[in-house]
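Written below as structure tokens is the structure these notes are about.
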Number of protein chains: 2
Amino acid sequence: MEEKLDLLRQHFEELFALTDDEWNFVQSHFQYKSLKKHQFLIQAGQAVDFEYWIIKGLVKAYSIDEKGKEHILQFAMENYWVSDHCAFQHQEPGSIFVDCLEDSEFFCLSLENREKICLQVPAVANFFRIKSNHGYINLQQRILSLLTMTVESRYEYLLNKLPKLIQRVPKKLIASYLGVSRETLSRFNS
Amino acid sequence: MEEKLDLLRQHFEELFALTDDEWNFVQSHFQYKSLKKHQFLIQAGQAVDFEYWIIKGLVKAYSIDEKGKEHILQFAMENYWVSDHCAFQHQEPGSIFVDCLEDSEFFCLSLENREKICLQVPAVANFFRIKSNHGYINLQQRILSLLTMTVESRYEYLLNKLPKLIQRVPKKLIASYLGVSRETLSRFNS
DNA sequence: AGCTAAGAGTGACCTAAATCACTTTTCAAA
DNA sequence: TTTGAAAAGTGATTTAGGTCACTCTTAGCT
């Protein structure tokens, strides 16, 4: 467990250094969780008590439409943060699912604890500020790619941006992430 | 100008209170700018020196594809923050345009000044942390709406979410925001 | 008030991608 | 090592939405 917490500390300190005292305070607000492939981290309709930092593994966050079709909002792996951020922030029942594509391990942070460590340790507030900002920028680029690019160039762009991800994820899920049918994506690869 | 700065202070204090000293420090890092309808706040290819808080007015942020077609990334009005966040954060030439749909006024914040006030005043770091988080949540919902909803329901959703905006913006721009052609949107309205 | 230009509606036609149906390949669990 | 299920490929058909061309309407400007 010590090494796992070290990874988390390194993750924080990529942006802002923490004193040992600060880190001890911060780390005491996380709890550990481990799940097997196919298990759910978050289910629509249920309370979303945590955001999760992924120590190891791979998950998909997705919503299911009226026709039962799955739409991938995000893939998240080592060093990523994942949650139903909307439900988490407003402390209401979630509307998306998050499940494991591989056996995965997480550090869990409740909203109360997040606010506590942000108010207590300014470096942590700044960490999440910068992280959120990066996330915002990424989502803006994804929106632009959905609005401006063809399916084919969206796929190439993703291949280029996250090559390791593609190896770990079935193509039908990539298709869903790109907003295109499995069949159409298949016709481009070949 | 005093009343305008008061508006900005109110905006900050919606989330976290500031002492008068803190506020004086913070506000000294902003500068005022005013533009007429059709003038550019940001142009692709040029440096993006600021993020902008909108005191009054309405702007559109958009990118232009190879065919010269405009794709709206964001509309922003009173109390919104707008920039080419990606270029701003990385201090590189921008890739989007922002221009005024109405005469508009702004408070401008440079990256250097933003970091300065965030490190100096934790409440400001927390303010931007929460704001970024809200922005992230909004963009996730927009992505989901692009992936899961039909054009018609995306339009209804937007009408419902930002009714005042629709009144101030030509429908062809709404169409562009929704990722659909002017003609197709027109057929739904009627 | 009159004029220009932008915005908006609408019909005809076209195309990219969805859908459906089926086959082939890959992989993991018994 | 077999075997059943998930993943992936592919052909035929359908369809939502794009594009083009034109008209009608609205809003600034002088």
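Numbers restart at 1 for each chain; the letters A, B, ... are given by sequence-line order, proteins then strands.
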Review point. Ion pair present between B/E3 and B/R9, side-chain N to carboxylate O less than 4.0 angstrom?
Key: no
Review point. Using 4.0 Å as the upper bound for N to carboxylate O, is an ion pair formed by A/E105 and A/K33?
Key: no
Exercise for review: May I ask you to evaluate whether A/K172 reaches the phosphate of D/dA7, defined as a side-chain N or O under 4.0 Å from OP1 or OP2?
Suggested key: yes
**Study point:** Cationic N near anionic O, under 4.0 Å, B/E78 to B/R168
**Key:** yes
**Study point:** A/N113 side chain vs A/L109 backbone, donor-acceptor pair below 3.5 Å
**Key:** no
Using nucleotides 15-25 of chain C, report all nitrogen or oxygen pairs with the protein that are shorter than 3.5 Å.
from	atom 1	to	atom 2	distance (Å)
C/dA18	OP1	A/S181	N	3.2
C/dA18	OP2	A/S181	N	3.1
C/dA18	OP2	A/S181	OG	2.9
C/dA18	OP2	A/T184	OG1	2.6
C/dT19	O4	A/R187	NH2	3.1
C/dC20	N4	A/E183	OE2	3.2

Check your understanding: When the distance from CZ of B/R168 to P of D/dA27 is rounded to whole Å, what number comes out?
Key -> 16 Å
Point to revise | Nearest-Å distance for atom pair CD1/P, residues B/I174 and C/dG7 | key: 12 Å
Review point. The side chain of A/K171 lies closest to which of these nucleotides: C/dG7, C/dG9, D/dA8?
Key: D/dA8
Review point. Can you tell me how far P of C/dG7 sits from CD1 of B/I166, to the nearest Å?
Key: 16 Å
Check your understanding: Could you state the NZ-C1' distance from A/K60 to D/dA7, rounded to the nearest angstrom?
Key -> 13 Å
Check your understanding: Hey, does the side chain of A/S83 reach the backbone of A/Y52 with a donor-acceptor pair shorter than 3.5 angstrom?
Key -> no
Review point. Rounding to a whole Å, what distance do you find between B/L173:CG and C/dG7:C1'?
Key: 10 Å
Exercise for review: Classify the ring geometry between A/F12 and A/F128 as parallel (under 30°), tilted (30 to 60°) or perpendicular (over 60°).
Suggested key: perpendicular
Exercise for review: Would you kindly give the CG-to-C1' distance between A/L101 and D/dA6, to the nearest whole Å?
Suggested key: 14 Å
Check your understanding: Taking NZ, NE, NH1 and NH2 as the nitrogens, is one of them in B/E70 or B/K60 under 4.0 Å from a carboxylate oxygen of the other?
Key -> yes
Review point. More than 12 heavy atoms of other residues, nucleotides or ligands under 6.0 Å from CD of A/E92: is that the case?
Key: yes
Could you pull out the protein-nucleic contacts involving nucleotides 26-30 of chain C (nitrogen or oxygen on both sides, under 3.5 Å)?
none

Review point. Any luck finding a side-chain donor-acceptor pair between B/D65 and B/H71 under 3.5 Å?
Key: yes
